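Being a predicted model, the structure only gives us computed values, none of them experimental. Here is the naming used below: chain letters follow the sequence lines, and residue numbers restart at 1 for every chain.
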Amino acid sequence: MTVELFQPNQIEAAAQAAWNAGDVYRSDERSDRRKFYCVSMLPYPSGKLHMGHVRNYTINDVMYRHLRMKGLNVLMPMGWDAFGLPAENAAMKSGQPPARWTYENIAYMKKQMQAMGLAIDWSREVATCRPEYYRWNQWLFLKMLEKGIAYLKTGAVNWDPVDQTVLANEQVIDGRGWRSGALIEKREIPMYYLRITDYADELLAKLDEMPGWPERVKTMQANWIGKSFGVRFAFTHDIRNADGDLIHDGRMYVFTTRADTIMGVTFCAVAAEHPLAAAAARNNPKLAAFIDECKRGSVMEADMALMEKKGMPTGLFVTHPLTGAQVPVWVGNYVLMSYGDGAVMGVPAHDERDFEFAKKYGLPIQQVVAVSGEAFSLDGWQSWYEDKERCACVNSGKYDGLPYKEAVDAVAADLAAKGLGEKRTTYRLRDWGISRQRYWGTPIPIIHCPTCGVVPVPEKDLPVVLPEDCVPDGSGNPLNKRADFLQCTCPKCGGAARRETDTMDTFVDSCWYYMRYTCPDAKTMVDARNDYWMPMDQYIGGIEHAIMHLLYARFWTKVMRDFGLVNIDEPFERLLTQGMVLNHIFQRRTEKGGIDYYAPEEIDLTRDSVGKVIGARAKDDGKAVEYAGIGTMSKSKRNGVDPQDLIDRYGADTARLFVMFASHPEATLEWSDAGVEGAHRFLRRLWQYACEHGVEASQESTQDKTVRQLRFEIHSTLKQANFDYERLQYNTVVSAGMKMLNALEAQGSNEDSKAAVGEGLGILLRILYPIVPHTAYVLWEKLGYDKKYGTLLDAPWPEVDEKALVQDEIELVLQINGKLRGKLTASATATREMLEALARDSAEVTKHAEGRAIKKIVVVPGRLINVVV
RNA sequence: GCCGGGAUGGCGGAAUAGGUAGACGCAGCGGACUCAAAAUCCGCCGGUAGUGAUACUGUGAGGGUUCGAGUCCCUCUCCCGGUACCA
């Protein structure tokens, strides 16, 4: 065998040329093998790949190649989540239309993926910004509108009063617009919503039938849906609005999961947007000012939860439905109009938030439940109230002594008798608002007619095509300035009308792209090919998508099912949530309060004597930069690492090997390239060894002792690698490959070992191939294994020779009182009694027992003997 | 704040159902080869004490269960992800 230098560029070019020539990754539906459909969450075309992408697609590629060798009909497609905010941001900077930026990024990133040698069937490529894709977003939206699954309602957005535009949460920094620096206001505007809450029960219940999903993801989704049982009831009143009409027919509804504490209500709180608040503010300038204050600030849950709980009395009272007491109504900044009825009952004695609110504003606190053995105190919050199963009513009149469940039943029955309340199941989950006041997205197919009102675009007029030459400038949606898009005729009356300019949330795009891959040229949304490939066998993507994307995609699938488009309930059979790849973040505040991010390579770090980072400066101006800790790699934070340098320097196989070896796929990974050299060194060694020792196993291995030892090493390592492949723990598969090469190298080459070396090398190339396909593929052919097994793409997966694993003697650990004290060698067939005797008579036991009597001997077969004295 | 997850040598990580902690690498140190360097090869490599055998100690902190705990339970700290308009 001629020894050539290991030259990744040549090797990878040759392998990829062979694959492309044979179009070897194209999959179809005619195979008689079992299908396996595996998909990586489609990337946003932000410009360049980063390490998170490399990790994601390599995991998918490893799985593809492994299972294809195992004889499955595997499909791995790829596409682009091509609509979204970053393209508009880039447009504002460069003056180029988002479409151009997006298509250029797609072209570049596709080239990078091809250089990685991924087994992608590119004939199925989908870009969500193409009309032939998003027309079906529009089509299904119209069907949902028809069925009432989509509906119109108002919702709160961030309004920048200076730039006169709606901002995304990300564009609001410390309550100010990222470009204008202006204080942001909440504004209620009409939006389309999808009734995901109608599916809440099924979305929750089905989680129990999804064994292929990680527990943590199912727990997060279940908590997000947040099913709770309680009572919805009304406080009555006779408060009227500006027109003199009774507000909400004189009923202020609230929901509670703790109806057993209803006798402890000492106040109520409503949201700033609640009609009662508006009514009270009419003649109360101070309250009006407070309501205005509440409307400023963030709409984000995290901010809301952290902000100081503030309130102001309205001077209005409502009537307690059971006691008839007059209860003061407050406006609270922590009450959300979008959650439930926008009003809550206040029971300061037994709700932590109400307790703090009452303490702050001097409201009465009255104990109405107790747990035996626990003392009630006004000094601080006591968590035993939260343990509702232990609670029983006190100071509650007829309910006294009733435990939680009975008390809730009794209260609910009494409220129902008065026609003021009933038991109700509620969800934390809210309907999904999909309207975005942005340009670069799927146009919502609606026409506004002065005569007919809101008119859906007829199906025959789909798609409503988004013009691709707009350039956003930060002052609202550019579609509003496009007469050719805006002006249209009403499909109902034929009169002049205006087209809707809101576009859809990009989460709509990612709800079903994986179904379009199965039939990218279908004349309908999906066709029969989708029934072949779906449900997807394995979905792979970042843990950050554990809730929203995955829940929306599940919901969308159920809607498609209910329209008869698919015959599955759940889209994803198995889910692998890849850990985030993190890197350092450096930032500097702009004058207007925005944030400029600096890439790590643009920074000089100063460290103290122990190497701890104590300062950071920008290389360009030498001035200080704030270190913002560590966070997930992203374009927006500019802390992504482009894998291209790695690929150019060491080749794709080294990059793939290194990323797979670095950690378990599901573990978070702090980026460091220390160790890349080691990965490359390993491939070089493999190449060198294979070239020098490559022989086809043609004869039976001898029974020579070192040969038997080598075969034991190879087959036990193969067994481990098989197990690790099954549980998708690819980092230890790499370890197994390294161990195997170590074992082969340790074995000198001679006539006795020739067959075993040939066998071992054939196994090694196959277990490494999914991870380093180019090197393994080229070596496989160079060494002639293809003549025996065929091309490595479809070569049979190696089988463990159980006979090679049989050993005559085994080593057991000897413990005394659980402490390691020595080792024993015993026959593999030794009985428990023999092992106990062996331990009893050992020098270690004599020494460490120090004359104490043996109480017990624990024998773990094949592992250890623990002598308890 | 709330929900989910994580923390193991100087570093990345391994330990499959509670059973030898540190596999496999990186870095480092010592040596071989070399005029020299690189590359390569061999050896050492958690800490403390000891020439050594060995002993003690050690998986974020504190407590518990067990013959035995990185792994199970309780309390806490820090970090990461999500928190509904980043994707």
Side-chain angles (χ1 to χ4, degrees), chain A residues 41-44 46 81 84-86 89 155-158 166-172 214-217 219-224 226 299-307 338 353 428-438 505-507 510 542-549 551-552 577 579-580 582 611 629-632 634-637 658 661-664 666-670 672 674-679 681-682 684-685 688 720 723-724 727 729 731-732 734-739 742 811-820 823 855-858 860 863-869:
Chain A
M41 289 181 189
L42 87 177
Y44 181 79
S46 56
D81 188 15
L85 195 59
N89 295 341
V157 293
N158 304 302
V166 174
L167 295 183
N169 286 337
E170 194 188 47
Q171 298 170 317
V172 180
E215 280 310 318
R216 57 171 168 165
V217 175
T219 308
M220 281 190 262
Q221 292 213 346
N223 291 338
W224 181 265
V299 296
M300 290 163 70
E301 189 195 308
D303 293 336
M304 305 277 270
L306 284 166
M307 76 187 173
S338 54
R353 195 176 55 187
R428 206 187 75 94
L429 181 68
R430 306 198 296 261
D431 276 343
W432 174 19
I434 58 156
S435 294
R436 297 290 179 270
Q437 297 67 47
R438 264 184 268 294
D505 182 358
T506 55
F507 273 124
S510 52
I543 183 68
E544 77 273 25
H545 293 298
I547 298 174
M548 304 192 68
H549 160 59
L551 196 63
Y552 290 147
T577 44
M580 305 272 77
L582 310 179
I630 203 155
T632 163
S634 75
K635 170 105 177 172
S636 62
K637 292 192 174 137
F658 174 62
F661 187 46
S663 80
H664 188 286
E666 296 196 287
T668 304
L669 178 64
E670 279 182 34
S672 155
V676 174
E677 283 284 352
R681 194 177 301 152
F682 171 72
R684 222 161 39 212
R685 266 173 61 207
Q688 185 84 12
Q720 182 64 49
F723 179 74
D724 290 340
R727 60 174 176 166
Q729 186 170 296
N731 54 333
T732 45
V734 176
S735 298
M738 288 172 169
K739 271 185 194 169
N742 288 347
E811 198 174 61
L812 291 161
V813 164
L814 178 62
Q815 291 185 340
I816 291 152
N817 284 349
K819 264 191 195 298
L820 175 69
K823 281 171 188 170
K855 268 206 232 158
K856 172 170 155 188
I857 299 178
V858 181
V860 182
R863 281 194 180 267
L864 62 74
I865 305 167
N866 186 17
V867 180
V868 185
V869 298

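Shortest non-hydrogen contact noted between A/A156 and A/V299 is CB-CG1, 4.3 Å. Taking all atoms of both residues into account, the shortest heavy-atom contact from A/N817 to A/V869 is OD1-N, 3.0 Å.
In this structure, A/N866 atom CG and B/C67 atom P are separated by 10 Å, rounded to whole Å. Summarising the geometry, the separation between CG on A/L820 and P on B/G70 is reported as 13 Å, rounded to the nearest angstrom. Rounded to whole angstrom, the span from the CD atom of A/Q815 across to the P atom of B/G68 amounts to 10 Å. Between the C1' atom of B/A87 and the CG atom of A/L551 lies a distance of 16 Å, rounded to the nearest Å. For the pair A/F661 CZ and B/C26 C1', the computed distance is 9 Å after rounding to whole Å. Atoms CG (A/L814) and P (B/G68) sit 16 Å apart, rounded to a whole Å. Separating the NZ atom of A/K819 from the P atom of B/G68 is a distance of 11 Å, rounded to the nearest angstrom. Atom CD in A/E811 sits about 15 Å away from atom C1' in B/G19, given to the nearest Å.
At least one side-chain heavy atom of A/E170 sits less than 4.5 Å from a side-chain heavy atom of A/S636. Contact check for A/V813 versus A/R863: no side-chain heavy atoms found under the 4.5 Å cut-off. No side-chain heavy atom of A/P86 sits less than 4.5 Å from a side-chain heavy atom of A/K635.
At the heavy-atom level, A/L85 lies under 4.0 Å from the strands shown only through sugar-phosphate atoms. Residue A/Y44 is classed as a sugar-phosphate contact, given heavy-atom separations below 4.0 Å to backbone atoms only. Nucleic acid contact for A/S663: sugar-phosphate only, since backbone atoms but no base atoms lie under 4.0 Å from a heavy atom of the residue. Nucleic acid contact for A/N742: sugar-phosphate only, since backbone atoms but no base atoms lie under 4.0 Å from a heavy atom of the residue. No engagement by A/V172 is indicated, since no non-hydrogen atom pair under 4.0 Å with the nucleic acid exists.
Taking a pair as Watson-Crick or G-U wobble with both distances under 3.5 Å, RNA chain B forms stems of 3 or more consecutive pairs at B:1-7 with B:77-83, B:10-12 with B:24-26, B:28-32 with B:40-44, B:46-49 with B:54-57, B:60-64 with B:72-76.
Residue-environment remark: CZ (A/R216) exceeds the threshold of 12 foreign heavy atoms within 6.0 Å.
The glycosidic torsion of B/A17 lies within 90° of 0, placing the base in the syn range. Glycosidic conformation at B/G10 (O4'-C1'-N9-C4 for purines, O4'-C1'-N1-C2 for pyrimidines): anti, more than 90° from 0.
Using atom C1' as the reference point in both B/A69 and B/U65, the two lie 10 Å apart (nearest Å). When the C1' atom is compared between B/G9 and B/G64, the two are found 28 Å apart, to the nearest whole Å. Comparing the C1' positions of B/G18 and B/C67 gives an interatomic distance of 12 Å, to the nearest angstrom. If you take atom C1' in B/A36 and the same atom in B/U54, they sit 44 Å apart, rounded to whole Å. Comparing the C1' positions of B/C45 and B/C24 gives an interatomic distance of 15 Å, to the nearest angstrom. Rounded to the nearest Å, the gap between the P atom of B/G25 and that of B/U40 is 14 Å. Using atom C1' as the reference point in both B/A61 and B/U16, the two lie 29 Å apart (nearest Å). Rounded to whole Å, the separation between the C1' atoms of B/U8 and B/G46 comes to 10 Å.
A close approach under 4.0 Å does occur between a side-chain nitrogen or oxygen of A/Q729 and OP1 or OP2 of B/A15. Proximity of A/T506 to the phosphate of B/A87: a side-chain N or O atom is located under 4.0 Å from OP1 or OP2. Listed pair A/N731 / B/A14 meets the phosphate criterion, a side-chain N or O lying under 4.0 Å from OP1 or OP2.
Partners of A/V172 under the side-chain contact (heavy atoms from CB on, under 4.5 Å) rule, at least two apart in sequence or in another chain, are A/N158, A/L167, A/I184. The salt bridge (charged side-chain N to carboxylate O under 4.0 Å, His left out) test applied to A/R428 returns A/E301, not counting sequence neighbours. The side-chain contact (heavy atoms from CB on, under 4.5 Å) search around A/K637 returns A/I585, A/Y597, A/S634, A/N639, not counting sequence neighbours.
Out of B/A23, B/A21, B/G19, the shortest distance to the side chain of A/T732 is found at B/A23. When each of B/U20, B/A23, B/G1 is scored by its nearest atom to the side-chain atoms of A/A305, the top-ranked nucleotide is B/G1. If you check B/G5, B/G13, B/U16 against the side chain of A/R216, the one that comes closest is B/G5.
Put simply, OG1 on A/T577 and CE on A/M220 are 7.0 Å apart, with the number rounded to the nearest 0.5 Å. With rounding to the nearest 0.5 Å, the separation of CE in A/M738 from CG in A/N742 is 8.5 Å. Here NE2 of A/H664 is found 13.0 Å from CG of A/L669. Values are rounded to the nearest 0.5 Å. The CD1 atom of A/I816 sits 10.5 Å away from the CD1 atom of A/I865 when rounded to the nearest 0.5 Å.
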* **Protein proximity profile, nucleotides 71-84 of chain B - base contact B, sugar-phosphate-only contact S, no contact -, cut-off 4.0 Å on heavy atoms** => ---------SBSBB
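Position along RNA chain B of the nearest nucleotide to A/E677 versus A/K856 favours A/E677 as the more 5'-ward residue. With the nearest nucleotide of RNA chain B identified for both A/V676 and A/S636, A/V676 has the one nearer the 5' end.
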Polar-atom pairs under 3.5 Å, protein N or O versus N or O of nucleotides 40-48 of chain B: list them with distances, or write none.
residue, atom, partner, partner atom, Å
B/U40, OP1, A/R684, NH2, 2.8

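Between A/F507 and A/H549, the ring-plane angle classifies as parallel under the 30° and 60° cut-offs.
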